[in-house]
Amino acid sequence: LLVSFTGWGRLTGKIFRVGRLPASVACSLGIASVVFLGGWLNLAHAIYPSVLFAITGVGLLFYFVTRSQRPEGYRWLSFWRNASSGSKVLIAVAMLILTLRVAATVRLGNFNIPDDSAAYLVFPQKMLAMHHFASDPFSDRRVISSLGGAYLLQCFVIAATSLSHVAMADRTLGFLLLAAALFDIGVRFELSPFQIALLEFLVYLAPQETINLTFVVLPTSLLFGMIWLIVETDQVQLRLRNAFLIGATGGAIISLKSTYLPIVAIYSLIPFLAAGPRSWTLKRVASPLVAGLSSLAVLLAWMITMKMTSGTYLFPVLGSGVDYTTYGVFHLMGRFSTHRAFVKIFLQAFALCVLICVQIIVGIRNHNFRISLWILVTSAIAITAFNYRSGGDFIWRYNFPQFLCAIVIFYAATGSTFHQDSSSTKARLAFYRSEEHTSE
């Protein structure tokens, strides 16, 4: 599936005439393309296993046709050959941890009875049986969780396996794509092989909550793809095309889980904000609008279906729809039941603000640090806003993708600066030694 999605993504990049895309970014765009296509298939009640197999097969064909589109600097074999012995050992350990974590996600060991048994286990199986994301007026999860992109990807998995493998759509595919995404981010920020190996190792050790079958891991990988495009947009002239791809990737993330709407929206502003008032050209000003329209294009068919079946185009921004609160049977709980719950909404933002202060104190003003600073600022705002809205509920699980992305980009920006300083120091030493040798 990941190879197939990469093929769809490279085709999308070719259509929009952008530069060669690394594997993880192409895969993220491919998932956005498949979600877009799946939305219209869903609207036409055409979600059949045979159709999903055909989409996968066509994506594989696109992959093999476009293999020459791989950027030279992002080839994993070249990275391995140029790495030191210590880096190879560290990356081997990281891959071992990844293998163990992936193996633990292939089959669903247990599930959350209140959430999964009534909703998240039911929806993908029901979509395959009824060939669309069917109405369920007594399930608030039908409205508040996902527009349907999550269940479409789960259908791709269970169409060829069984319901016991349904978690692979998020966790297995997400972890594998995360390995490629971290590598591509490391290369884009010009990290050394050892720094990339250390990044992969540390991220795989990060604890992660997965209470139910809603998506957490795959959105993390897609956010890294979105950030790669943001970094690229800040340095190329084809900003509106890149902004369109940024929005498309963001739309795919929103389709997986509605809680990612704030972070996608605010990340789309970064190409505009990072430029500064002196560089606000017409293209810069238009880029957030183009990204928003692109997200809308990916989500439109799913939003139409949601309106037809559940009374809202997008929960909760465009209305609550047929949510359980509509019936007036249950009273809403207080947003902050305890003082501790109120304090929790600021914890993650506080940690990110510490990193913001570190960057400001260090005083480096290069491109990587500017992007890192805006990632930290926007992540802190989006996380705090969501924590307030949710009453500080499960802050680690709901905000894991955006919090992890902010930390990783800070690491990458800092690591790239030290790597460049170290490289320039070695170059100067080599120059001085050659001068001394010449004098002698």
Side-chain angles (χ1 to χ4, degrees), residues 1 4-5 8-9 11-12 15 28-59 62 119-120 122-160 166 169-170 214-215 218-219 222 244-245 247-258 260-261 264 291-323:
L1 284 174
S4 175
F5 294 152
W8 280 102
L11 175 69
T12 303
I15 290 173
S28 299
L29 283 176
I31 291 173
S33 303
V34 169
V35 169
F36 166 78
L37 179 61
W40 294 103
L41 291 173
N42 174 69
L43 197 59
H45 295 194
I47 306 293
Y48 289 87
S50 57
V51 175
L52 302 182
F53 293 149
I55 291 173
T56 305
V58 171
F62 287 151
Y120 305 135
V122 178
F123 292 153
Q125 193 78 355
K126 192 174 181 180
M127 184 182 283
L128 277 180
M130 301 188 68
H131 316 304
H132 70 113
F133 190 17
S135 174
D136 195 342
F138 299 104
S139 174
D140 65 327
R141 297 294 189 270
R142 172 63 177 80
V143 184
I144 68 176
S145 181
S146 170
L147 279 169
Y151 314 123
L152 174 71
L153 295 183
Q154 289 173 337
C155 283
F156 273 95
V157 171
I158 65 175
V166 67
D170 174 41
T214 54
F215 278 53
L218 187 61
L222 296 182
F244 190 90
L245 299 183
T249 307
I253 296 170
I254 296 171
S255 77
L256 300 180
K257 197 172 181 182
S258 60
Y260 301 126
L261 177 61
V264 167
L293 292 175
S294 177
S295 294
L296 180 63
V298 172
L299 298 174
L300 182 60
W302 295 104
M303 292 171 65
I304 293 172
T305 301
M306 180 68 78
K307 180 64 175 179
M308 293 168 59
T309 58
S310 302
T312 179
Y313 286 105
L314 182 63
F315 178 92
V317 179
L318 301 179
S320 298
V322 189
D323 182 45

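Atoms considered below: every heavy atom in the structure, side chains included; atoms not considered: hydrogens, waters and symmetry mates.
Atom CG in L43 sits 5.5 Å away from atom CD1 in I304 (nearest 0.5 Å). Interatomic distance, OH of Y151 versus CG of L256, reported as 10.0 Å (0.5 Å rounding). Taking CE from M306 and OG from S146, the interatomic distance works out to 7.0 Å, rounded to the nearest 0.5 Å. Taking NZ of K257 as the reference point, atom CD1 of I144 lies at 10.0 Å (rounded to 0.5 Å). The OG1 atom of T56 lies 6.5 Å from the CZ atom of F5; values are rounded to the nearest 0.5 Å. Separating the OG atom in S295 from the CZ atom in F244 is a distance of 9.0 Å, to the nearest 0.5 Å.
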(message) L52 vs C155, test: side chain to side chain contact (heavy atoms under 4.5 Å, CB included). Steps then yes/no.
(response) CA-CA 8 Å; L52 302 182; C155 283; 3.7 Å; yes
(request) Would you check, one step at a time, whether the test side chain to side chain contact (heavy atoms under 4.5 Å, CB included) holds for L222 with F215? (result) CA-CA 11 Å; L222 296 182; F215 278 53; over 6 Å; no
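Pairing each heavy atom of V317 with each of L261, the nearest pair is CG2-CD2, 3.1 Å.
Looking only at side-chain heavy atoms (C-beta outward), D136 and V122 stay at 4.5 Å or farther from each other. S320 is not listed as a side-chain neighbour of T312, based on a closest heavy-atom distance of 4.5 Å or more. By the 4.5 Å heavy-atom criterion applied to side chains, L152 and L41 are not counted as neighbours. Counting heavy atoms from C-beta outward, V166 and Y120 have side chains that stay 4.5 Å or more apart.
With sequence neighbours left out, the ring-ring contact (aromatic ring centres under 6.0 Å, His included) criterion links W8 to F62.
Under a 3.5 Å cut-off, the side chain of S294 and the backbone N or O of A248 do form a donor-acceptor pair. At least one donor-acceptor pair under 3.5 Å links the side chain of T305 to the backbone N or O of A301. With hydrogens and angles disregarded, no donor-acceptor distance shorter than 3.5 Å links the side chain of S255 to the backbone of L147. Between the side chain of H131 and the main chain of I47, a donor-acceptor pair closer than 3.5 Å is present. A donor-acceptor pair under 3.5 Å is absent between the side-chain atoms of S145 and the main chain of R141, judged by distance alone. With hydrogens and angles ignored, the 3.5 Å screen pairs no side-chain donor or acceptor of W302 with any backbone N or O of N42.
Residue pairs that meet the side chain to side chain donor-acceptor pair (under 3.5 Å) test with at least one member in residues 28-41, sequence neighbours left out, are T12-S33.
The aromatic rings of H132 and H45 lie parallel to each other, their planes meeting at an angle below 30°, with 60° marking the opposite boundary.
Cation-pi geometry between R142 and F315 is not met: the NZ or CZ atom fails to fall both under 6.0 Å from the ring centre and inside 45° of the normal.
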